[in-house]
Amino acid sequence: MLIGVIADDFTGASDIANTLSKGLPGQGGLRTTQYLGLPSSAADPSVEAGVVSLKSRSIQASDAVAQSLAALEWLLAQGCEQIVFKYCSTFDSTKEGNIGQVGEALAQALGVKGVVACPAFPGAGRTVYQGHLFVKDRLLNESGLQNHPLNPMTDSDIRRWLGYQVQSKVGHVAADDVRCGADAVAQRLKDAADADQTMVIVDAISDADLVTIGKAVAGHRLVTGGSGIAIGLSFNFIESGRANGNGAAFVGTDGPEAILAGSCSGATREQVDIHKSAHPALAIDVDDVMQGKTTADDLVAFLRQHEGSAPLVYSSGTPEEVGLLQRRFGREAVARMLDALFAETAQKLVAGGLRRLVVAGGETSGAVVSALDLGALTIGPEIDPGVPVLLSQGEQPIALALKSGNFGAPDFFTKALERLSGQ
């Protein structure tokens with residue numbers, strides 16, 4: 001294994017696994033496997049990039065650090081030469097963490113400073129300029145992410161936001177330096193390390209900038225960022241002859257299908273509206289869930305009744321609706337109950353023969369795949385930027401699409417089910 005990734009949620013893990021597997025156009029990528037949770041045994045020797053999927057984004061910082069260090073230990077035991085800490089391209093966190101604490105802990109364990117922190121993903125509209133994070137043409141804190149139910153992003157200055165979470169001063173490499181090329185970026189990172197700066201925000205407004213940054217960190221033990229930061233990393237190993245750029249062949253799977261949507265993002269709400277206009281859909285009444293009136297059996301019955309028609313079950317609501325429910329029942333209680341509901345539903349569906357599953361929402365995806373305990377997943381073709389097909393291993397494989405809330409085209413759900421079947 002050459003590159004090891006520690007991802008703070010399951011959809012983000014799929015995102016960066018897709019980036020590493022795809023690589024640069026015309027160059028190919030690395031043979032990549034995604035692990036659902038910390039593996040208990042050694043990786044297959046053919047794996048060149050391993051992505052450990054944690055559910056550590058919204059837990060206590062100390063717990064996130066402990067889980068990440070355990071993942072680091074396993075990845076280093078597989079021979080990894082470069083570690084990537086992957087977090088959301090919208091820098092989902094609070095002033096209390098967890099991005100900074102985990103990044104610093106990994107840096108300390110590896111004995112490095114001047115570590116890149118770059119959440120940019122231009123393909124999905126996330127760019128960093130002058131240390132500020134944009135979502136398309138809006139500052140992060142004006143993009144709708146300020147209403148995130150778990151990690152409201154109320155400041156687009158991610159240097160300042162990261163500064164709340166770390167012990168040392170946060171460095172910055174400006175867009176002008178990135179345009180000067182990889183050598184210039186490498187020098188600025190060295191300067192930051194010499195100035196005792198552990199984490200360094202690096203501007204990036206295009207994929208070309210991310211390739212430049214990737215070349216600049218060839219040989220660096222630790223890199224952090226969104227999935228875009230990995231665009232140029234595969235190339236470093238292919239160019240040096242350490243990897244051959246051949247990805248694994250993918251064969252889809254057909255059979256019973258379901259869509260579970262637990263994200264309240266604007267993109268997911270639009271996808272839900274479009275899908276339910278032409279397919280069976282069931283809106284979850286969170287009030288009834290909290291009072292025990294709606295159970296996983298109810299959701300399973302609906303989905304099985306409409307098998308073959310791309311049925312959807314969703315709990316997505318507007319920020320106002322979500323806020324009202326959180327005030328009534330408590331934020332953590334609502335999240336816990338919905339995660340458990342989706343997880344149990346998925347377990348019952350798979351036990352009953354489900355073969356294709358689409359899940360929207362990072363927390364929802366984490367709950368579902370943790371409950372299914374599928375182990376290692378093969379990375380298949382890309383559905384939409386940042387979202388690949390995933391295939392479990394074994395005689396009866398399950399094909400999955402795990403979508404972060406704000407990712408995917410408006411027709412994502414229909415498209416995803418087609419890709420899962422190999423179309």
Side-chain angles (χ1 to χ4, degrees), residues 9-11 14 36-37 53 55 149-150 253-265 268-269 271-272 275-276 279-317 321-322 325 329 332-375 377 387 389-392 396-405 408 412-414 416-417 420-421:
D9 82 334
F10 288 75
T11 56
S14 301
L36 303 178
S53 316
K55 197 171 184 289
L150 295 178
T253 187
D254 212 344
E257 81 290 5
I259 305 166
L260 306 177
S263 168
C264 298
S265 72
T268 297
R269 295 202 310 274
Q271 290 156 354
V272 166
H275 193 80
K276 71 181 184 181
H279 301 86
L282 175 66
I284 295 173
D285 188 318
V286 179
D287 246 326
D288 285 350
V289 173
M290 299 304 293
Q291 297 178 53
K293 297 178 182 178
T294 294
T295 68
D297 288 334
D298 299 316
L299 275 55
V300 170
F302 173 83
L303 292 166
R304 286 180 176 162
Q305 177 187 354
H306 296 285
E307 183 181 303
S309 301
L312 161 71
V313 168
Y314 66 97
S315 66
S316 307
E321 292 168 341
V322 172
L325 289 165
F329 295 107
E332 297 297 332
V334 171
R336 184 171 59 252
M337 287 291 286
L338 287 176
D339 282 354
L341 177 68
F342 281 119
E344 185 180 355
T345 298
Q347 285 179 315
K348 290 177 179 290
L349 289 170
V350 169
L354 182 89
R355 299 296 300 280
R356 292 178 294 153
L357 180 62
V358 179
V359 188
E363 296 298 320
T364 306
S365 294
V368 166
V369 295
S370 294
L372 294 179
D373 192 24
L374 297 175
L377 300 176
V387 190
V389 171
L390 304 171
L391 194 66
S392 68
Q396 295 292 323
I398 307 297
L400 298 160
L402 307 178
K403 185 192 84 71
S404 182
F412 176 82
F413 293 143
T414 301
L417 288 175
L420 295 182
S421 63

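The first residue of the sequence shown is numbered 1, and numbering continues consecutively from there. Every value quoted in this text rests on a predicted model; they were computed, and no experiment measured them.
- Residue pairs meeting the side chain to side chain donor-acceptor pair (under 3.5 Å) criterion with at least one member in residues 337-350, sequence neighbours excluded: Asp297-Lys348.
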Test side-chain contact (heavy atoms from CB on, under 4.5 Å) applied to Leu400 and Leu420, step by step = CA-CA 7 Å; Leu400 298 160; Leu420 295 182; 5.6 Å; no
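- Among residues two or more places apart in sequence or in another chain, the salt bridge (Lys or Arg N to Asp or Glu O under 4.0 Å) test is passed with Glu363 by Lys55.
- Qualifying ring-ring contact (aromatic ring centres under 6.0 Å, His included) partners for Phe413, counting only residues two or more places apart in sequence or in other chains: His275.
- The structure places OG1 of Thr253 at 6.5 Å from CG of Leu391, a figure rounded to the nearest 0.5 Å.
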List the atom pairs, donor and acceptor, that lie under 3.5 Å between side-chain atoms in residues 254-265 and the rest of the protein, sequence neighbours left out.
from, atom 1, to, atom 2, distance (Å)
Glu257, OE1, Gly308, N, 3.3
Glu257, OE2, Gly308, N, 2.9
Glu257, OE2, Ser309, N, 3.2
Glu257, OE2, Ala310, N, 2.8
Ser263, OG, Ser265, N, 3.1
Ser263, OG, Ser265, OG, 3.2
Ser263, OG, Thr268, OG1, 3.4
Ser265, OG, Thr268, N, 3.2
Ser265, OG, Thr268, OG1, 3.2
Ser265, OG, Gly405, O, 2.6

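- For residues 337-361, the set of pairs meeting the ring pair (Phe, Tyr, Trp, His ring centres under 6.0 Å) definition, not counting sequence neighbours, is empty.
- When all heavy atoms of Thr11 and Gly362 are compared, the pair lying nearest together is OG1-CA, 3.6 Å.
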Side-chain polar contacts of residues 364-374 - donor-acceptor pairs under 3.5 angstrom, sequence neighbours left out - could you list them?
from, atom 1, to, atom 2, distance (Å)
Ser365, OG, Gly361, O, 2.8
Ser370, OG, Gly366, O, 2.7

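- Interatomic distance, Thr294 OG1 to Leu341 CG, rounded to the nearest 0.5 Å: 8.0 Å.
- Contact detail for Ala416 and Val358: the closest heavy-atom pair is CB-CG2, 3.8 Å.
- Screening residues 279-292 for salt bridge (Lys or Arg N to Asp or Glu O under 4.0 Å), with sequence neighbours left out, gives Asp287-Arg328.
- Taking CG of Leu377 as the reference point, atom OG of Ser53 lies at 7.5 Å (rounded to 0.5 Å).
- We find the CG-NE2 distance between Leu312 and His306 to be 11.0 Å, quoted to the nearest 0.5 Å.
- Atom CG of Leu338 sits about 8.5 Å away from atom CG of Leu325, to the nearest 0.5 Å.
- The two residues Pro311 and Phe302 make their nearest non-hydrogen contact at CB-CE2, 4.3 Å.
- The nearest pair of heavy atoms linking Phe412 to Ala401 is CZ-CB, 4.4 Å.
- Residues forming a side chain to side chain contact (heavy atoms under 4.5 Å, CB included) with Met290 (at least two apart in sequence, or on another chain): Val286, Phe329, Ala333, Val334, Met337.
- To the nearest 0.5 Å, the span separating CG on Leu282 from OH on Tyr314 amounts to 8.0 Å.
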